[in-house]
A.B. asks: 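Quick one: the structure is below, questions incoming.
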Amino acid sequence: MNAIIFGAPGAGKGTYSTRMQNQLGVDVIAMGDIFRESVKQNTELGKKVKSYVEKGALVPDAVVVEVLKDRLSKVPKGKGFLLDGFPRTVDQADTLEKIAKIDVILQLDVPDKIIIERLTSRRLCKNCGAVYNIRFLKPKKEGVCDKCSGPLYQRADDNEEVIKNRLQVYKTQTEPLIAYYKKKKMPFIVNVTKTIDQPPEPMVEHMMAELKKLKLA
Ligand code: ADP
Ligand code: ZN
């Protein structure tokens, strides 16, 4: 099964995809994680994308598409994938259509107010990338990853100014993809977040149940 997990920054794409990865037996391809790792390692790719990621601007399509193709070619035969953070523009979606077949979109619908509150208190594990929130999804021990005991840190782009820019980019460039895929009759599984402290598990259950109905899980 090949799926896209879709939603605004901070909607929970990373949180849900890591929780569903094992149950679905798919590879998760998270563009932002790939970029952050390459910036950290200061690779050629890292040098190319650093200024964009820091500002919350889109990395140019040519660069993103090359990374995607490379990563897709590493998905073992017969295994599916879950795309997190791609496509983010109509052009990227057009390109994707030429290189892979997508079965379903997992849409995360979260009000702006909740997004801003979540992003400013989000923390990530430096080792494994697991996502926490110091107010709403706390690790068992402060500052330490539950899974691997790695140290937690705050993403450089999780500050109010850059968040505003990322939301703006989402509204203008990425959100139109909903209409784009609806027009193509792509199946959607929609998850609406109503409260900020909503735990992720019931949503994961919901998505798994809907995927089973579609015979995709
Ligand atoms: P978010 O929490 O904003 O969804 P991500 O971790 O998915 O963040 O992405 C972080 C940054 O990486 C984005 O702000 C952007 O600069 C870059 N990026 C990620 N995916 C793409 C993409 N498909 N196209 C262009 N830039 C991207
Ligand atoms: Zn960890």
Side-chain angles (χ1 to χ4, degrees), residues 2-76 79-89 92 96 100 102 105-106 108 110 115 118-133 137 139 144-159 162-163 165-167 169-170 173-174 200 204:
N2 301 331
I4 294 169
I5 187 153
F6 186 90
K13 299 184 295 289
T15 304
Y16 296 111
S17 47
T18 46
R19 280 171 170 72
M20 294 173 76
Q21 179 164 27
N22 291 335
Q23 295 186 57
L24 287 170
V26 294
D27 274 8
V28 172
I29 302 177
M31 279 297 163
D33 287 355
I34 296 173
F35 293 149
R36 274 185 294 282
E37 186 59 28
S38 61
V39 169
K40 197 169 102 189
Q41 309 284 348
N42 200 28
T43 61
E44 280 310 305
L45 174 66
K47 285 176 201 154
K48 274 189 220 162
V49 305
K50 189 170 191 279
S51 66
Y52 299 98
V53 174
E54 278 171 353
K55 287 193 292 257
L58 291 180
V59 171
D61 280 356
V63 178
V64 189
V65 167
E66 202 186 319
V67 171
L68 177 82
K69 282 185 179 162
D70 176 62
R71 185 60 191 79
L72 279 178
S73 73
K74 290 179 183 141
V75 176
K79 204 175 179 190
F81 59 81
L82 183 52
L83 284 180
D84 163 359
F86 191 96
R88 266 178 145 96
T89 64
Q92 290 181 10
L96 179 62
I102 301 299
I105 295 183
L106 309 173
L108 306 175
V110 185
I115 282 178
R118 271 192 185 159
L119 285 176
T120 47
S121 46
R122 172 161 81 174
R123 296 292 184 276
L124 270 77
C125 172
K126 223 173 194 124
N127 281 343
C128 74
V131 186
Y132 297 89
N133 191 296
L137 195 64
V144 179
C145 178
D146 290 349
K147 289 182 194 149
C148 76
S149 303
L152 304 187
Y153 76 105
Q154 182 167 31
R155 266 170 56 171
D157 61 349
D158 279 350
N159 69 71
V162 181
I163 290 169
N165 195 32
R166 284 156 60 203
L167 281 174
V169 169
Y170 174 76
Q173 312 256 73
T174 310
V204 169

A.B. asks: Kindly indicate whether the side chain of R19, heavy atoms from C-beta on, has any atom under 4.5 Å from the side chain of P200.
C.D. replies: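 Yes, side chains in contact.
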
A.B. asks: So which atom in L72 and which in A100 form the shortest heavy-atom distance, rounded to 0.1 Å?
C.D. replies: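 Scanning both residues, the minimum pair turns out to be CD1-CB, 4.4 Å.
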
A.B. asks: How long is the gap from CZ on F6 to CG on L108, to the nearest 0.5 Å?
C.D. replies: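 That separation rounds to 9.5 Å.
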
A.B. asks: Would you call I4 and L96 a side-chain contact if the rule is heavy atoms closer than 4.5 Å?
C.D. replies: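 The answer is yes; the side chains approach within 4.5 Å.
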
A.B. asks: List the residues meeting side chain to side chain contact (heavy atoms under 4.5 Å, CB included) with E54, not counting sequence neighbours, and say none if there are none.
C.D. replies: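 Listed in chain order: K50.
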
A.B. asks: Give a yes or no on whether K126 atom NZ has more than 12 heavy-atom contacts from other residues, nucleotides or ligands under 6.0 Å away.
C.D. replies: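 Not buried by this count: 12 neighbours or fewer within 6.0 Å.
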
A.B. asks: Compare all side-chain heavy atoms of C145 with those of N127 and state whether any distance is below 4.5 angstrom.
C.D. replies: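 C145 vs N127: side chains apart.
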
A.B. asks: Which residues pass the side chain to side chain donor-acceptor pair (under 3.5 Å) test with T18, not counting sequence neighbours?
C.D. replies: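 T18 satisfies side chain to side chain donor-acceptor pair (under 3.5 Å) with no other residue.
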
A.B. asks: Determine whether Q21 and L82 satisfy the following criterion, side chain to side chain contact (heavy atoms under 4.5 Å, CB included), listing intermediate values before the conclusion.
C.D. replies: CA-CA 8 Å; Q21 179 164 27; L82 183 52; over 6 Å; no

A.B. asks: Any side-chain heavy atom of I102 within less than 4.5 Å of one from F81?
C.D. replies: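 Sidechains of F81 and I102: in contact.
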
A.B. asks: Using atom types as modelled, flag every donor-acceptor pair under 3.5 Å from a side chain in residues 7-17 to any protein atom, sequence neighbours excluded.
C.D. replies:
residue, atom, partner, partner atom, Å
K13, NZ, G7, O, 3.0
K13, NZ, A8, O, 3.1
S17, OG, K13, O, 2.6
S17, OG, G14, O, 3.4

A.B. asks: Can you list everything that forms a side chain to side chain contact (heavy atoms under 4.5 Å, CB included) with T43? Sequence neighbours excluded, please.
C.D. replies: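 Once residues adjacent in sequence are excluded, the partners of T43 under the side chain to side chain contact (heavy atoms under 4.5 Å, CB included) criterion are S38, Q41, L45.
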
A.B. asks: Under 3.5 Å, which donor-acceptor pairs do the side chains of residues 55-71 form with other protein atoms, sequence neighbours left out?
C.D. replies:
residue, atom, partner, partner atom, Å
D61, OD1, Q92, NE2, 2.9
D70, OD2, K74, NZ, 3.0
R71, NH2, D27, OD2, 3.4

A.B. asks: Checking R166 now: which residues fulfil side chain to side chain donor-acceptor pair (under 3.5 Å) with it, not counting sequence neighbours?
C.D. replies: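 Scan of R166 (side chain to side chain donor-acceptor pair (under 3.5 Å), adjacent residues dropped) gives D158.
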
A.B. asks: Please report the interatomic distance CG(N159) to CG(D157), rounded to the nearest 0.5 Å.
C.D. replies: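 Taking CG in N159 and CG in D157, the distance rounds to 7.5 Å.
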
A.B. asks: Please report the shortest heavy-atom distance between A130 and K147, naming the atom on each side.
C.D. replies: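 Closest approach of A130 to K147, heavy atoms only: CB-NZ, 3.9 Å.
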
A.B. asks: Side-chain contact test, heavy atoms from C-beta onward, threshold under 4.5 Å: evaluate it for S121 versus N133 and give yes or no.
C.D. replies: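 Side chain of S121 against side chain of N133, heavy atoms only: contact under 4.5 Å found.
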
A.B. asks: Under 4.5 Å between any side-chain heavy atoms of L137 and V131, yes or no?
C.D. replies: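 Heavy-atom side-chain distance check fails, nothing below 4.5 Å.
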
A.B. asks: Nearest heavy-atom pair of R36 and D33: which atoms, and what distance?
C.D. replies: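 Between these two residues, the closest heavy atoms are NH2-OD1, 2.8 Å.
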
